Amino acid sequence: MKMNVRFILFGVLILVVGKAMSQDYHIVETFSCPNATQGVAVDGEGFYAISNQSISKYTLKGDSVTTWSEPNPELIKHFDGGIVVDGLLYCSHSNYPEVPMASSIEVFDPRTMRHVRTISLGIDSGSCTWMVRGVDCWYVCFAHYDRSGHNAGGEVLKDASWTQIVQFDNEWHRLQGWILPKELLDKLHPHSLSGGLFVDGKFYCTGHDAQKLFVLEFPPYGMRLQLTGTIGIPFHGQGIALDSKGFLWGIDRTKKQVCKAVKQ
């Protein structure tokens with residue numbers, strides 16, 4: 001009898017420890033958003049589903065509020081990631097090298113969905129796929145693609161050999177950059193990173209249709225970020241966002257949904 005009790009207690013301990021160590025996210029709510037194909041941003045008023053050439057605003061309950069679309073598609077084309085900082089919505093362009101403004105960021109007033117300004121990052125090659133906010137700076141992910149790696153439909157088939165995260169100051173002057181580790185690019189092949197967060201000095205990134213967050217940390221020396229772990233996410237990732245309550249938001253491209261998830 002004592003032996004059985006010991007086994008039971010040991011089993012309970014294993015379950016408790018395993019649950020405590022679990023880092024995976026689990027869905028608590030999903031929202032049907034047909035135009036949610038590229039990225040998502042969130043603030044205290046609602047969330048913003050980003051598609052190729054439009055941004056749709058929803059309440060936190062999933063009710064549609066309004067949709068912004070670019071009247072001049074040649075000016076602003078193919079959005080990708082998004083983030084709300086200090087009451088403004090920042091959106092990046094896609095990873096298509098032929099997009100003229102691929103290394104720029106578009107800024108919107110999320111209350112009116114009016115376009116406020118264009119921020120040019122001064123990068124001649126590659127494109128800004130997403131950006132995150134540090135304590136007193138910005139981090140921007142640039143993907144550098146081989147132009148020959150696109151088929152007729154524009155799908156990325158082959159990446160260039162590197163992708164980097166570049167640090168900018170508040171005035172968008174370039175400060176420094178880090179190369180992503182090859183082991184991460186091998187896991188993402190043939191695509192690249194498509195969304196990221198910056199929390200407590202670490203980058204939490206996801207890739208096209210990946211069901212993981214890849215944890216990247218600054219190296220003790222050198223210019224190559226370190227891949228230190230992965231966290232499971234319950235959707236096929238694209239853009240991601242973290243709200244003030246710790247909920248992870250993301251796009252499930254396969255189901256055209258915005259997902260809200262929490263660690264369990």
Side-chain angles (χ1 to χ4, degrees), residues 38-39 78-83 85 90-106 118-150 156-210 212-231 237-242:
Q38 301 302 116
H78 211 290
F79 292 120
D80 213 351
I83 182 174
V85 176
Y90 295 76
C91 290
S92 64
H93 291 284
S94 77
N95 49 15
Y96 283 60
E98 58 269 26
V99 175
M101 301 177 69
S103 65
S104 298
I105 292 173
E106 308 306 331
T118 296
I119 299 172
S120 177
L121 301 177
I123 304 295
D124 294 331
S125 61
S127 61
C128 165
T129 59
W130 50 266
M131 79 296 294
V132 296
R133 180 66 175 166
V135 176
D136 56 358
C137 64
W138 289 85
Y139 296 99
V140 176
C141 181
F142 282 95
H144 294 252
Y145 290 89
D146 183 345
R147 289 177 181 270
S148 66
H150 293 72
V156 178
L157 301 178
K158 179 182 178 183
D159 280 0
S161 59
W162 60 286
T163 298
Q164 65 174 332
I165 292 178
V166 179
Q167 184 185 40
F168 291 83
D169 65 16
N170 288 329
E171 301 301 319
W172 296 98
H173 300 126
R174 181 172 178 163
L175 300 176
Q176 57 185 323
W178 297 267
I179 305 299
L180 297 188
K182 185 178 182 302
E183 59 179 316
L184 174 61
L185 296 179
D186 290 342
K187 292 178 184 294
L188 294 171
H189 186 78
H191 298 301
S192 187
L193 293 179
S194 58
L197 309 168
F198 185 72
V199 182
D200 296 331
K202 300 179 182 179
F203 295 100
Y204 297 83
C205 311
T206 188
H208 287 73
D209 298 331
K212 293 181 182 296
L213 293 181
F214 302 97
V215 184
L216 299 175
E217 298 186 43
F218 293 108
Y221 57 89
M223 300 302 296
R224 190 177 297 273
L225 290 168
Q226 294 180 314
L227 176 61
T228 60
T230 60
I231 301 172
Q238 182 68 1
I240 51 176
L242 193 68

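In this text, all values refer to a predicted model and were calculated from it rather than measured experimentally.
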Return the minimal non-hydrogen interatomic distance between [X] and [Y], and the atom names on each side.
X: Asp169; Y: Glu171; value: OD1-N, 2.9 Å
X: Ser104; Y: Ser120; value: OG-CA, 3.9 Å
X: Gly196; Y: Ile240; value: N-CG1, 3.7 Å
X: Ile83; Y: Val132; value: CD1-CA, 4.0 Å

Working to the nearest 0.5 Å, report the span between [atom1] of [X] and [atom2] of [Y].
X: Leu197; Y: Leu213; atom1: CG; atom2: CG; value: 7.0 Å
X: Met223; Y: Gln164; atom1: CE; atom2: CD; value: 8.5 Å
X: Met131; Y: Ile119; atom1: CE; atom2: CD1; value: 8.0 Å

Hey, are the side chains of [X] and [Y] touching, using non-hydrogen atoms and a 4.5 Å cut-off?
X: Cys128; Y: Phe142; value: yes
X: Val85; Y: Trp138; value: yes
X: Leu216; Y: Leu227; value: yes

Quiz item: Which pairs with one or both residues in residues 196-205 pass side-chain hydrogen bond (donor to acceptor under 3.5 Å, both in side chains), sequence neighbours excluded?
Solution: none
Main-chain N/O of [Y] paired to [X] side chain as donor or acceptor, under 3.5 Å:
X: Thr129; Y: Ser194; result: no
X: Thr206; Y: Gly195; result: no
X: Arg224; Y: Trp178; result: no

Quiz item: Hey, mind stepping through Ile165 and Trp130 against side chain to side chain contact (heavy atoms under 4.5 Å, CB included) and telling me if it holds?
Solution: CA-CA 10 Å; Ile165 292 178; Trp130 50 266; 4.0 Å; yes
Practice problem: Classify the angle between the aromatic ring planes of Phe198 and Phe218 as parallel (below 30°), tilted (30 to 60°) or perpendicular (above 60°). | Solution: perpendicular
Quiz prompt | Those residues that, when tested against Asp136, pass side chain to side chain donor-acceptor pair (under 3.5 Å) (two or more places apart) | solution = none
Quiz item: Is it true that the side chains of Glu217 and Gln226 contain a donor and an acceptor less than 3.5 Å apart?
Solution: no
Practice problem: Please test Trp172 against Ile105 for side chain to side chain contact (heavy atoms under 4.5 Å, CB included), starting from the C-alpha separation and ending with a verdict. | Solution: CA-CA 11 Å; Trp172 296 98; Ile105 292 173; 3.7 Å; yes
Practice problem: List for me each residue that meets ring-ring contact (aromatic ring centres under 6.0 Å, His included) alongside Phe214, sequence neighbours excluded, and say none if there are none. | Solution: none
